[in-house]
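Structure, as structure tokens:
Hydrogens, waters and symmetry mates are skipped; everything else that's a heavy atom, side chains included, is used.
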Amino acid sequence: MYKLISAKILELHSKQAPATGIGLFRIFYGLITLQEIIFLLYFNHLIFDPIPYIDIEFPMIPFFLCLWGVIAAFIVTGYRYQFAMTCNYIIWIIFVNFTPMQRDFDGGFDLFMIGTGFFLLFMPGDRAFSIDNLRHKLSTPFTHYSTYPKPTVSVLAYYLPVAICLGFLYFDSATHKMFAEHWLNGLGTWLPATQPYYVSAIDMSHLLNNKLLQNILGYTILIFQFTFIFFFNQRQLRIVYLLIGLMLHLGITLSFNIYPFGLGMLIFYTLLIPFKWWRCIGRLMTANEPSLTVFYDQLCPLCNRTALIINHFDIFSRIAFKNAQEHAIHYPALAFINNETLLTDLYALDRNNRIYSGVDTYSQIFIKMRYLFPLGVILSLPGIHQLALKKYRSIADTRNRVPCTSTCLTPQALPDTTFYHQFAEGIAAQKPKAFSRRLTKILIALLALQLNSSIHYGLIYRLNADSPKNPISQASNAVLMVSQTFLGITPHALYLHDHFAGYDHILAITYTDQNGSEHWLPFVNEQGRLLSPNWGRVHSMWANIAVTPNIDNKRLHKFIMKVTAFWGKNCGLNLDNVVFNIKLKKISAPSHWVRDQLHKNFTSPWSTIGTAKWTDQKISVDLPDNINQL
């Protein structure tokens with residue numbers, strides 16, 4: 001087995017593929033991180049304050065979140081990739097382990113992002129759609145962009161993250177599902193989609209009421225997850241796994257309110273798209289011939305850099321840059337312009353032989369690039385055009401010209417200091433067998449860590465053998481602490497029978513104002529759905545920790561305090577002048593199919609079981625001692 005894995009690694013590493021999928025994967029990961037940072041900023045006081053807006057323990061959190069946002073923006077744009085990914089990885093770990101973010105507001109998403117970020121540390125994420133790639137070109141500005149080859153990466157860079165982050169996760173998840181009655185009944189997708197706390201604003205009841213469809217979906221997911229790691233790289237089956245995976249996680253994103261996790265899983269499928277598809281997409285997106293040909297001074301460093309920068313962002317290849325010294329003579333439309341005048345400005349020629357110069361050239365460049373069309377129109381507006389022309393003239397008339405020899409025309413890219421280059425390209429090029437052996441050992445170690453997690457939670461935990469007196473259990477726990485913290489390896493026993501068994505009641509909060517009128521807090525609505533934006537980690541706090549089949553009153557009081565203080569402030573309420581009503585409704589979570597179960601849970605009546613009152617920034621909660629028996 002060891003030799004087989006080692007040989008397969010060498011085989012995959014020797015094959016090259018377009019870097020497009022890796023670049024998009026990096027961009028999507030950065031965007032998901034960025035939206036989560038915005039979410040954390042919005043719910044800053046709810047998540048990080050011991051008492052929202054009243055007891056602020058972490059006043060610098062918004063500042064550090066904004067710094068993290070800058071790092072995420074670096075990841076999206078591919079600027080200083082290795083630095084940005086390293087900082088992002090460390091920040092995720094710090095926030096998860098040293099703030100309440102994971103303890104009360106996680107649901108598995110943070111650990112998944114840590115694991116994904118760990119692999120991105122060693123992936124060539126800067127090879128496509130990155131500022132770093134442009135920086136490499138700008139280091140030798142006199143080298144025309146057409147001399148650079150299309151960026152490629154090893155096929156191994158595509159397969160390894162998919163195999164480990166998806167393959168291991170799916171297999172672990174499917175193993176846990178075999179202990180859940182509703183999954184064995186083919187209702188794995190149906191049951192959580194009938195629970196008000198878990199559904200999005202989209203009503204999927206027309207699909208939920210088709211038992212055959214739900215059985216097909218449930219059993220298909222089980223087969224898909226069990227077999228994914230073994231067959232996803234097979235050419236004949238790759239598209240099948242791609243389409244099923246896309247539909248699965250798109251369905252999760254749309255139908256449940258745990259959209260961050262659905263999106264996080266979804267982005268991995270950019271790595272599963274067949275390589276020839278990227279080539280076909282590239283041919284379809286790029287123009288057969290340029291819409292605008294721009295002529296620049298070959299001896300002007302600024303002009304050369306301008307050509308490199310615009311070409312980098314010209315994703316549809318609509319603009320062609322040619323140096324005027326060599327190419328202008330081949331265009332009759334430019335014959336009446338002498339060489340001295342031609343080198344004074346940036347001239348351009350469209351397909352109809354219309355000539356543009358200076359600011360008008362830039363305006364046409366933006367228009368022809370399509371997605372920058374509004375910028376081109378704005379640049380041509382009266383007033384703005386005159387200001388731009390004045391600025392352009394001051395720069396164009398004072399620019400430097402540098403005689404260029406064969407030395408400056410030779411591409412001399414900046415040193416590639418990424419972990420991927422040092423390990424996968426540096427070591428592999430010099431000692432390929434040593435590289436494959438080393439990587440094989442790393443993969444076996446990761447497999448062992450994943451097996452430890454699966455066995456611990458799948459067997460030791462379920463057999464109630466997880467005790468301080470069990471040395472095997474304690475050793476497993478110690479390994480779990482390390483692998484979970486730094487690699488995001490965690491059990492994926494989500495929404496199983498032990499979660500829904502006895503989950504026959506849910507809670508909501510209303511408030512009564514000074515006039516005696518009752519209003520619903522913008523948190524849980526009359527149907528029992530958690531309203532946007534209380535999704536993702538806030539949903540996890542309320543639906544998985546505060547309200548469970550066996551409610552702990554101490555935890556419930558804590559989160560009632562947090563929710564009423566946060567949403568009371570955001571609704572402009574004077575906390576001392578309102579009474580918060582704690583409402584309960586009975587629902588059902590059957591492991592067998594019931595027609596229209598979602599709407600039955602939606603329409604179940606509410607009853608008031610207690611109150612919460614604020615006085616001088618202190619809350620008193622009046623609830624029955626045992627809510628579980630109501």
Side-chain angles (χ1 to χ4, degrees), residues 1-13 22 25 29 85-86 88-90 92-93 96-97 108-125 153-176 225-233 241 245 264-265 267-268 271-272 418-420 422-424 427-428 433-460 472 475-493:
M1 179 62 73
Y2 179 90
K3 291 182 178 179
L4 180 64
I5 295 174
S6 183
K8 189 66 176 178
I9 286 173
L10 275 180
E11 177 191 342
L12 293 175
H13 181 71
I22 301 287
F25 180 72
Y29 176 86
M85 283 309 312
T86 304
N88 175 76
Y89 176 69
I90 294 171
W92 270 114
I93 292 175
V96 164
N97 289 279
F109 174 72
D110 294 319
L111 295 176
F112 178 79
M113 292 296 282
I114 287 173
T116 304
F118 175 80
F119 276 92
L120 271 166
L121 284 173
F122 302 93
M123 291 173 68
V153 298
S154 166
V155 170
L156 197 62
Y158 278 87
Y159 283 170
L160 277 185
V162 173
I164 296 171
C165 293
L166 287 191
F168 286 4
L169 183 152
Y170 284 151
F171 196 86
D172 176 76
S173 178
T175 302
H176 289 291
Q225 292 191 329
F226 265 125
T227 61
F228 182 91
I229 193 170
F230 303 106
F231 301 114
F232 80 90
N233 63 333
Y241 282 99
M265 298 290 287
I267 66 172
F268 271 91
L271 303 178
L272 209 59
T418 62
F419 293 159
Y420 174 82
Q422 294 175 16
F423 181 69
I427 298 176
K433 291 185 178 179
F435 163 76
S436 65
R437 287 195 298 268
R438 189 177 301 179
L439 190 54
T440 301
K441 292 176 183 177
I442 293 173
L443 291 178
I444 291 174
L446 290 173
L447 176 60
L449 292 173
Q450 179 61 63
L451 286 174
N452 176 62
S453 175
S454 299
I455 293 171
H456 185 94
Y457 289 102
L459 293 177
I460 297 176
I472 297 177
S476 175
N477 268 321
V479 174
L480 277 171
M481 184 176 67
V482 176
S483 63
Q484 182 171 293
T485 301
F486 297 102
L487 299 175
I489 295 176
T490 187
H492 296 279

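Contact between Asn233 and Lys8 at its shortest, heavy atoms only, is ND2-CE, 4.3 Å. For Phe119 against Pro161, the heavy-atom pair with the smallest separation is CD2-CA, 4.3 Å. The two residues Thr86 and Phe419 make their nearest non-hydrogen contact at OG1-CE1, 4.5 Å. Considering all non-hydrogen atoms of both residues, Tyr158 and Ile22 come closest at OH-N, 3.5 Å. Across all their heavy atoms, Ser6 and Arg437 have their closest contact at OG-N, 4.0 Å. Shortest non-hydrogen contact noted between Ala163 and Ile229 is O-CD1, 3.8 Å.
Here Leu272 contributes atom CG and Leu166 contributes atom CG; the two are 8.0 Å apart, rounded to the nearest 0.5 Å. How far CD1 of Ile444 is from CG of Leu449: 12.0 Å, rounded to the nearest 0.5 Å. Rounding to the nearest 0.5 Å places CG of Leu480 at 4.5 Å from CG of Asn452. The CG atom of Leu451 lies 9.5 Å from the CD1 atom of Ile489; values are rounded to the nearest 0.5 Å. Atoms CG and CG, on Leu10 and Leu156 in that order, are 9.5 Å from each other to the nearest 0.5 Å. The CD1 atom of Ile9 sits 4.0 Å away from the CG atom of Leu439 when rounded to the nearest 0.5 Å.
His13 and Phe435 have tilted rings, their planes meeting at an angle from 30° to 60° on a 0 to 90° scale. Between Trp92 and Phe109, the angle of the ring planes goes over 60°, which puts this pair in the perpendicular group of the 30/60° scheme.
Asp172 contributes no side-chain N or O that, together with a main-chain N or O of Phe168, makes up a donor-acceptor pair within less than 3.5 Å. With hydrogens and angles ignored, the 3.5 Å screen pairs no side-chain donor or acceptor of Thr485 with any backbone N or O of Val482. Checked by atom type and distance alone, the side chain of Ser173 never pairs as donor or acceptor with a backbone atom of Leu169 at under 3.5 Å. Proximity of a side-chain donor or acceptor of Tyr29 to a complementary backbone N or O of Met113 within less than 3.5 Å is detected. For Ser453 (side chain) and Gln450 (main-chain N/O), no donor-acceptor pair under 3.5 Å exists by modelled atom type. With hydrogens and angles disregarded, no donor-acceptor distance shorter than 3.5 Å links the side chain of Tyr170 to the backbone of Thr227.
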Check the pair Phe226 / Thr175 against side-chain contact (heavy atoms from CB on, under 4.5 Å), numbers first and verdict last. CA-CA 8 Å; Phe226 265 125; Thr175 302; 4.1 Å; yes
Between Phe118 and Tyr89, does the side-chain contact (heavy atoms from CB on, under 4.5 Å) criterion hold? Intermediate values first, please. CA-CA 7 Å; Phe118 175 80; Tyr89 176 69; 3.8 Å; yes
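Residues Ser154 and Tyr420 bring no donor and acceptor atom of their side chains to less than 3.5 Å of each other.
Side-chain contact between Thr116 and Phe268 is present, with at least one heavy-atom pair separated by less than 4.5 Å.
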